[in-house]
Structure formats: structure tokens, C-alpha cells
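Following: one structure in C-alpha cells, then a few remarks.
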Protein chains: 2
Amino acid sequence: MSSIDLRLLRYFIAVAEEAHLTKAAQRLGIQQPPLSQQIRVLENELGVTLFTRLPRGMALTEAGHMLLDEARGIFARLDSAVAGVRGVARGELGHLAVGFTESASLHPFVPRVLRAFREAAPDVGFAVEENNTPDLVQAIHDKRLDAAFIRSPISNVEGLVIETLLVEEMIVALPAAHRLARARSKGVALAALAQDPFILIHRPNGPGFYDTIISACQAAGFCPNVIQETHKNLSTLSLVAAGLGVSIIPASMHHVEIEGVVYRRICGAPALRAPLHLAWRSVHTSGALARLIALARALAEDYQKPARF
Amino acid sequence: MSSIDLRLLRYFIAVAEEAHLTKAAQRLGIQQPPLSQQIRVLENELGVTLFTRLPRGMALTEAGHMLLDEARGIFARLDSAVAGVRGVARGELGHLAVGFTESASLHPFVPRVLRAFREAAPDVGFAVEENNTPDLVQAIHDKRLDAAFIRSPISNVEGLVIETLLVEEMIVALPAAHRLARARSKGVALAALAQDPFILIHRPNGPGFYDTIISACQAAGFCPNVIQETHKNLSTLSLVAAGLGVSIIPASMHHVEIEGVVYRRICGAPALRAPLHLAWRSVHTSGALARLIALARALAEDYQKPARF
DNA sequence: TGAAATCCATATCTACAAAATATGTCTTCC
DNA sequence: GGAAGACATATTTTGTAGATATGGATTTCA
């Protein structure tokens, strides 16, 4: 590996451009003698005569001309490297892989954050993936993802930060023909559903939802009759629409309007809440990720104020 | 212009590759504390965290990864620049523009030198030009040429070196029907041509030849009857072949066999000699040129020994 | 759980090399 | 022919990279 000092190249460029040692020294802010000496050091290290010393100044040799071009190129590359590294650190460059669950993607907040990030850091390569919470957590751990908007995982995986951005209530999705759907009531008590068949998301796909619903029902004094489990929350709504039973989903999903499905608030079940988390590796090194986290926090704060549904 | 020292980049690469400060310090042949310090200097100058300090070593951040790639590229470029500059200086790279007169190109020595140069420095861009001596001298002066094989110019142009490589005698070219051509004599006296019509090269195209011939004739006691002047030596031979008169040319041109032309040595005219010079700018900076000059000198020395014609 | 080991950070001192100062040498120009 | 201009050389000063010694945090193993 070459041991030419960049300082020597900088000096060389100045002398080459000025074609005059004394002027170059002034431009560099040093005195003429050390510059004279350092140019000789450079020539010795290269084993090449770079200048012909004329009585009127310094003229580049052919080899010197080549070095001038190369040296400028090297500095340009160094500058762009520094700019690039700073850009990556600031989260303006680089790339970011973000995942989210289906229910998160249906929450208006998540696309809003992603859109804001794209606007703030348009030069960051951006990849998204939809998956269920456990798989997303694993993907982050395996460094296939940098971050993900998830629902509650069973456990806080080692080395991951799981930060709660928002908490929303859960609502019940009823077939339009359901007795509680026809009543223009403000909300329904959870206990009123004790006899209804339940359609829930498959526990391995959404353990947070599943466990929250089951334990809320038990708190309300019954064990729900789960007649079917689906892979996605959206699928439960299809089954509700078909009249197979009722489902409990995060409130933000009321934005999904499905023929034959009616949403109702649930009264008296304060534990029936669905948090929206952002997860990432605790030792993360991406400026882009830092930027996403900051954005998500800021937008979450804005989002808290107006009550939904 | 960036002020990142290459030493810092070298240190950075070592630490990044070892992922271990102490090992990197050993590899660099320094102690661990200064390395720790210099890495921090680099991080401060960039304003970027390059490593996450783990209990078990140093792990690159995303920005650090980018810098590693860039730094390697910068060193690669620097190395190739150094190699290129050295190659140019040694005359192994770069380019060279060489000129020669017609008579020089007909001298076996010149193509021999050029061929040897091409073999010695195949990567040097190479351009040749044939022209008369005065124009070649001007072209060198104007830096359109780096060197030229020329005949004697009128004056040593300022700033040019004109080095004599070879000196050859001059011979007379006679029409086959000429009385002196029919005699199988060893040579002819210059005075024997006093009554013949002379064909000479136009003086501005070959002042050395012209003046040498005229003054030799005057020394032999006559003023030649020049009935025609040509632009090139070769043209004079055509006219000789046509029987218009006689011509005096450098001995090496006897290699040109033309129907109807007979060559004879000239006796008793020691001043009738044609030097072959190599000319170049005295302040030259091309390694390729230095190589050509050295080659020409070496080959000229070889060439002197066997007498020609 | 406590001791040893590992690894990086901090503090202080040393030494080398880059830069400043002073002077010399060679051209050129008036 | 003397003065000015330009780079080279000699000597001293100074800034900083590196060495030494130590500290602090974490992990590993007994």
C-alpha cells in the first residue's frame, strides 16, 4: 500500500497550478522553504522528477502532468466519499428495509410515516415487506429488515427495541344481520357476545391480538367460542361478512368498508386495546433508521390528540 | 478540499478489517492507545460515528461500511496513479511524436531505432511524421514533435539539442548511360563532374545537403551547373534515371535501386559528408524521449563499426 | 459470585518531522 | 554591473503522532 501523504499531493497540486513555488507557498499558508523541501520529498518517494526548475518558476514534467490529473481525481473521490459517508450517517443516503403487519398497513398512521420518510430522505433506497409480527421480529433479528411496524409480540426478543407508538381500542365486527348490528346503539358490551361464534386471527400470526381478546373475554366472564382462525385480520372480516360469526379487530380497521360488515365499539373492556409498535435492533448503525424512528415518534405525538372512531 | 489524512484512512481500514482495535494496532505496528485516539480523530473530522464499540470489539456502522469501500478504492486509485507516474517517467507509458526526413527514413539506422523503441516501450503511444529538416525543427520547437531524425539544419535553433548520431559519406548518382557509369571504376573525382548538369534538393528543403554539395564543388574548383531542384532527394533520383543530369546524395540511399541509376563513390572530397542528427528540446520532460535518445545513441555506436558502401 | 481476562478509553510524556527563520546561489532584467 | 526574483540549503522551533502507564467496563471462568 502506497505511503504517499495527501498533504504532499495537496502541495504538489498548488505548485503545479501556480507554476511558482513562492506563490504556491502563500496559497498554502506556509513558507517557501518547507514547500521546496516537501516537493523534493514527494519526488524522492516517487522516484520521479515532477518539475523542471526554470529560472522563472516550476514547470511540470510529463509525469508531473499525469500526477496532477490523478491527484485531482483522488481528491475529488475523497471528497465525494466524505460527502457520501456523512449522507449515510445523516440518513440521507443508504438504504432501509421496513416491514409492517397487515393491520399496521391498514392504519393510516403507518403509510403516513413512510410517506414522510420518503419525502425527507428521497435518496435512501427503500424496501418494504408485509408479514406477521413474529416473522417480522425474526427478520429484524436476522438483519433482513431494519425496522418494522408490528403488533405486540409474545416476548421482547433479545437485542431488539420494541417501542410503542400508538395504542388504539379494539372494536367488534358484526355481520350486518346480527341482532346487535341492527340496534343503532353506541356500543356493545363484550359479555353480550358470549354466545356468538368468534373468528380470530391464528395465534401464531398475531399472538398479541389473540391473547388480548381471549383474556378480555375471560375478564368479561366467558370463554369465546372460536369457530375459525384466519391468517390475516382482513380474512376474518370476509368470514364475518359471510355471517359465520363475529370478530374483534383494531379500531383503525374500520376504514375497511366491507359489504355486510358492521363495526361497533366495545364498552367496558378497557384492556381490549391494540398497541402499534415500531421495532428495531438496539445496536443499529443506520442513519436512515434513526431518521425513521425520529419521524415515527414525532408523527405519533401528533396523532395522539384527535380521538378516533 | 478535504483534509482527511490518508494515515487515518489506513488506520481505519485496519480496524474495520480486524474488527478489533488491539489486533489492528499490532498489524499497523503501533500501540493501541494512539490508534484508539486516531480513530476518534477521524470520526470527529467526519462528524460521523464509524464504529459501534462492542464489549468484544469494534463493529462498523453503515456509514463505516461505506467508508471502508471508498477508502479501499482511494488507495487503489492512488497506487495506480503512482504506478502510472513512474511508468511515464521511465518512458514505459506516455506518448512520443517522432519526425524524420525522407533521407533519414531511407537510412537503415532510423527504422532500426524506431523498431527497437517500440519493442522496449510498447505501451508508449507513438506517432511519426515525415517532413523536411527545417519544418521538423520548427515542429519540435512548437512541441508538435518530441524529437526528429534530421539532416544538418542551417542553425542550431534556440532551446534545441541537435546531436550527431552518424556521419556518412556522400555518393554520386549517375544515369546508367553516363560515361563514368560505364567505366567499372572504384570511384570518381568530384572535378570529373564539373561539366555535368546537377540536380539538387531545393535548398529550403535540405539546406545542409545543398550547402555541403555547393561548397565541396567549389573546393574542387568548379561551380556546379544546377539545372533543376527537387523537393525530395528521392525525386532527384527519378530525374537522374531520366538522364537529365547527376546528383549527389547520402551514401545510405544506395539502398534505393532505381532502373537507370548507377551510384559511384566520390574520391578526394572529404568534406562531402552527410551527418544524421537527432534533435529534441533541451528542456524535455518525457521519459519516453529520454529512452529514445538513449536507444539512438546506443545503436549509433553499434552502427559506426562496419563501413558502408 | 468473585477474580481474572479482555478490550477500549484517558492521561501524560517523548520524539520526530514539518514548518519557520535566516542565508545562499543562480538568473534575469534594467 | 548591480538589484531583484526565484528556488535551494542550513539551522532552529514547534506541533503532533506515538509510547507508556493507568483506568473502566464487560465478559468469562472457577
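Sequence lines set the chain letters: A, B, ... in the order given, protein chains first and strands last, and positions in each chain run from 1.
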Item to complete: Return no unless some side-chain N or O of A:R53 is found under 4.0 Å from OP1 or OP2 of D:dA6.
Response: no

Discussion item. Looking only at the side chain of A:R7 (C-beta and beyond, no hydrogens), which of the listed nucleotides C:dA19, C:dC8, C:dT21 gets closest?
Written reply: C:dA19

Worksheet item: For B:R273, what residues pass the salt bridge (Lys or Arg N to Asp or Glu O under 4.0 Å) criterion, not counting sequence neighbours?
Response: none

Worksheet item: Which nucleotide, C:dC8, D:dA19, D:dA6, lies nearest any side-chain atom of B:L21?
Response: C:dC8

Worksheet item: When only distance counts, do a donor and an acceptor, one from the side chain of B:Q38 and one from the base of D:dA17, lie under 3.5 Å apart?
Response: no

Item to complete: Look at the side chain of A:S36 and decide which nucleotide, out of C:dA9, D:dT9, D:dA19, has an atom nearest to it.
Response: D:dT9

Worksheet item: Any idea which of C:dA20, D:dG18, D:dT9 is nearest the A:P33 side chain?
Response: D:dT9

Worksheet, complete the sentence: Of the candidates D:dT20, C:dA9, D:dA8, the side chain of B:Q31 sits closest to D:dT20

Worksheet item: Between C:dA19 atom P and A:R27 atom CZ, what is the distance in whole Å?
Response: 16 Å

Item to complete: Anything under 30° is parallel, anything over 60° is perpendicular, the rest tilted; go ahead and classify B:F51 against B:F12.
Response: tilted

Worksheet entry | Nearest-nucleotide comparison on DNA chain C, the residue closer to the 5′ end among A:D5 and A:Q32 | A:D5

Discussion item. Base of D:dA17, side chain of B:Q37 - is there a donor-acceptor contact under 3.5 Å?
Written reply: no

